[in-house]
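Heads up: the structure comes next, in structure tokens.
Sequential numbering from 1 along the given sequence is applied to the chain's residues.
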Amino acid sequence: MLNRRYLRIKVYQALYAYGQGEHASTAAVEKELHQGIDRTHDLYLALLLAFGELRHVAELRMEDRKKKHLPTAADLDPSRRFVEHVIVRGIAQSERLRLECEKRRVSWVGHMELFTALFKAMEESDAYKAYMAETAPYFTKDRAFAVELLSEQIANNESIQDVFEGRSIYWLEDLDLAASLVKRVLEQWRVADGGDQCLNGLTHDPVEERAFVNDLFRQSIVLDSEHEALIAAKASNWDTDRIAYTDMILMKMALTEARIFDQIPVKVTLNEYIEIAKAYSTPKSKLFINGVLDKLFAEMKADGRIRKVGRGLLES
């Protein structure tokens, strides 16, 4: 399952949809919220599996070229730079990833033609040619190529997107989130890491995950009017109608989280919603949200509306 930041993003998207839908029921939006989380998880696994599929095609093509009637020297002794790419090989050989995909029935079986075409397109790209022309092994270049491969060849490939579209009409927004998850894993990959670490960012307790999502979604709706009034009082120079809708949702979520999850430090909540605002709101939202929430959190801690225990007392 997804880590807490991505769960917050999914709840934010659900609250946005709930606020925009004239006749949307909370039950219907909440059901779609959980289905979206499942789809994002499966898309994340599918994108990772694509690296292994491309590596498999590369190995097959090397073997085929050796069997040509008149093979060249390059056919007989091909560069193995791509198939030995430390990240591509790590993902392809990850036992933990294989088991997780089996459990969730995620696979690319039946799509060999798609990946053969994708590999040909990759071979013709300038990025691939430049990478294969490198003679010295540099991990930073391996990592940069993996990110390029994901962003330019895999996530944006129309044939892959067609497959996702055939599975769900909501695939696009979930694909963006899943691709950003994979990109983050690739960017943070260290030379000593193995393929199994690509699942480390996912939570392991579906019951805890569901409770977090349900409580945050439902209580944000219950406390909506109260929190809007509090925000309006602290943003006295702003008409609430002029505050970006996304900023308002994120601030209401942050206030809800700070009040109902007593184990999450206030500082963690503040930082998380500022980070989400950087990706989903306006350039000025970070400072605005920080200023409003900082004042409200201080008041709520003083009057007892925010009470923390255990880990929640740290950095609060």
With side chains defined as the heavy atoms from C-beta onward, is the minimum distance between K234 and E299 less than 4.5 Å?
-> yes
Determine whether L296 and M251 make a side-chain contact, defined as any pair of heavy atoms from C-beta on separated by less than 4.5 Å.
-> no
Residue pairs passing the salt bridge (charged side-chain N to carboxylate O under 4.0 Å, His left out) test where at least one lies in residues 174-199, sequence neighbours excluded | K10-D174, R39-D174, K183-E187, R190-D193
Heavy-atom neighbours of D126 CG exceed 12 at 6.0 Å = no
So which heavy atom on P78 is nearest to which on M62, and how close?
-> CG-SD, 3.6 Å
Which heavy atom of C198 sits nearest a heavy atom of L48, and at what distance?
-> SG-CD1, 3.8 Å
Treating Ile, Leu, Val, Met, Phe, Trp and Tyr as nodes and any side-chain heavy-atom pair under 4.5 angstrom as an edge, say whether W189 and V147 lie in one connected cluster.
-> yes
Hey, could you give me the CG/NZ distance between L230 and K252, rounded to the nearest 0.5 Å?
-> 11.0 Å
If Ile, Leu, Val, Met, Phe, Trp and Tyr residues are connected whenever their side-chain heavy atoms lie under 4.5 Å apart, and connections chain through other members, are I87 and V191 in the same group?
-> yes
For the hydrophobic clusters of this structure (ILVMFWY residues joined by side-chain heavy atoms under 4.5 Å, transitively), does one cluster hold both L216 and L223?
-> no
Sequence neighbours excluded and cut-off under 3.5 Å, please list the side-chain donor-acceptor pairs for residues 115-123, or say none.
residue, atom, partner, partner atom, Å
T116, OG1, M112, O, 2.9
E123, OE2, R65, NH1, 3.4
E123, OE2, R65, NH2, 3.4

Evaluate the side-chain proximity of Q93 to R55: yes if any heavy-atom separation is below 4.5 Å, no if none is.
-> yes
Give a yes or no on this: more than 12 heavy atoms of other residues, nucleotides or ligands lie within 6.0 Å of atom CD of E113.
-> no
In Å, rounded to the nearest 0.5 Å, how long is the span from CE of M253 to CG of D224?
-> 12.0 Å
Scan for side chain to side chain donor-acceptor pair (under 3.5 Å) pairs involving residues 129-139, sequence neighbours excluded, and state none if there are none.
-> Y131-D142, E134-K141
For K278, which residues count as a salt bridge (charged side-chain N to carboxylate O under 4.0 Å, His left out) partner, sequence neighbours excluded?
-> E275
Approximate separation, where rounding is to 0.5 Å, of L293 CG and N271 CG = 11.0 Å
Student check: side-chain heavy atoms of L181 and Y6 closer than 4.5 Å | yes
Sorted by chain and number, sequence neighbours left out, salt bridge (charged side-chain N to carboxylate O under 4.0 Å, His left out) with D75 holds for K68
Salt bridge (charged side-chain N to carboxylate O under 4.0 Å, His left out) partners of E102, counting only residues at least two apart | R98
Note: I154 and A50 closest approach over all heavy atoms is CG2-CB, 3.8 Å
Under a 4.5 Å cut-off applied to non-hydrogen side-chain atoms, are L97 and F51 in contact?
-> no
Side-chain heavy-atom pair D42, R167 within 4.5 angstrom cut-off = no
Taking all heavy atoms of V11 and all of L33, pick out the closest pair and write down the distance.
-> N-CD1, 3.9 Å
Please test M300 against L255 for side chain to side chain contact (heavy atoms under 4.5 Å, CB included), starting from the C-alpha separation and ending with a verdict.
-> CA-CA 9 Å; M300 289 179 164; L255 293 172; 4.0 Å; yes
Which value, rounded to the nearest 0.5 Å, describes the distance between N290 atom CG and K286 atom NZ?
-> 8.5 Å
Check each of Y273, Y280, Y245, Y18 against Y12 using the ring-ring contact (aromatic ring centres under 6.0 Å, His included) test, and report the only one that passes.
-> Y280
Side chain to side chain, R218 and T26, heavy atoms closer than 4.5 Å = no
Got more than 12 heavy atoms from elsewhere within 6.0 Å of NE2, H56?
-> no
Would L47 and L175 satisfy side chain to side chain contact (heavy atoms under 4.5 Å, CB included), going step by step from the backbone distance to the final call?
-> CA-CA 9 Å; L47 290 173; L175 177 61; 4.0 Å; yes
Which atom of W108 lies closest to which atom of V163, heavy atoms considered = CZ3-CG1, 3.8 Å
How long is the gap from NZ on K66 to CG on L76, to the nearest 0.5 Å?
-> 8.0 Å
Starting at CG of L45, measure out to OG1 of T40 and round the result to the nearest 0.5 Å.
-> 11.0 Å
Say whether, by atom type as modelled, one donor and one acceptor occur between the side chain of R307 and the main chain of G304 under 3.5 angstrom.
-> yes
Donor-acceptor contact below 3.5 Å, side chain Q161 vs main chain A155 = yes
Would a 4.5 Å heavy-atom cut-off, applied to side chains only, mark Q13 and E32 as touching?
-> no
Side-chain donor or acceptor of S94 paired with backbone N/O of G90 under 3.5 Å = no
Please report the closest heavy-atom contact between A178 and Y44, naming both atoms and the distance.
-> CB-N, 3.7 Å
With no hydrogens and no angle check, is any side-chain donor or acceptor of H85 less than 3.5 Å from a backbone partner on V88?
-> yes
Going through the checks in order, is the side chain to side chain contact (heavy atoms under 4.5 Å, CB included) test met by T269 and F261?
-> CA-CA 10 Å; T269 296; F261 295 103; over 6 Å; no
Go through the side-chain N and O atoms of Y128 and Q153 and say whether any donor and acceptor fall under 3.5 Å apart.
-> no
With E257, the side-chain hydrogen bond (donor to acceptor under 3.5 Å, both in side chains) member among Q219, R4, R8 | R8
Walk me through it: do E209 and I37 pass the test side chain to side chain contact (heavy atoms under 4.5 Å, CB included)?
-> CA-CA 10 Å; E209 172 187 295; I37 290 170; 3.5 Å; yes
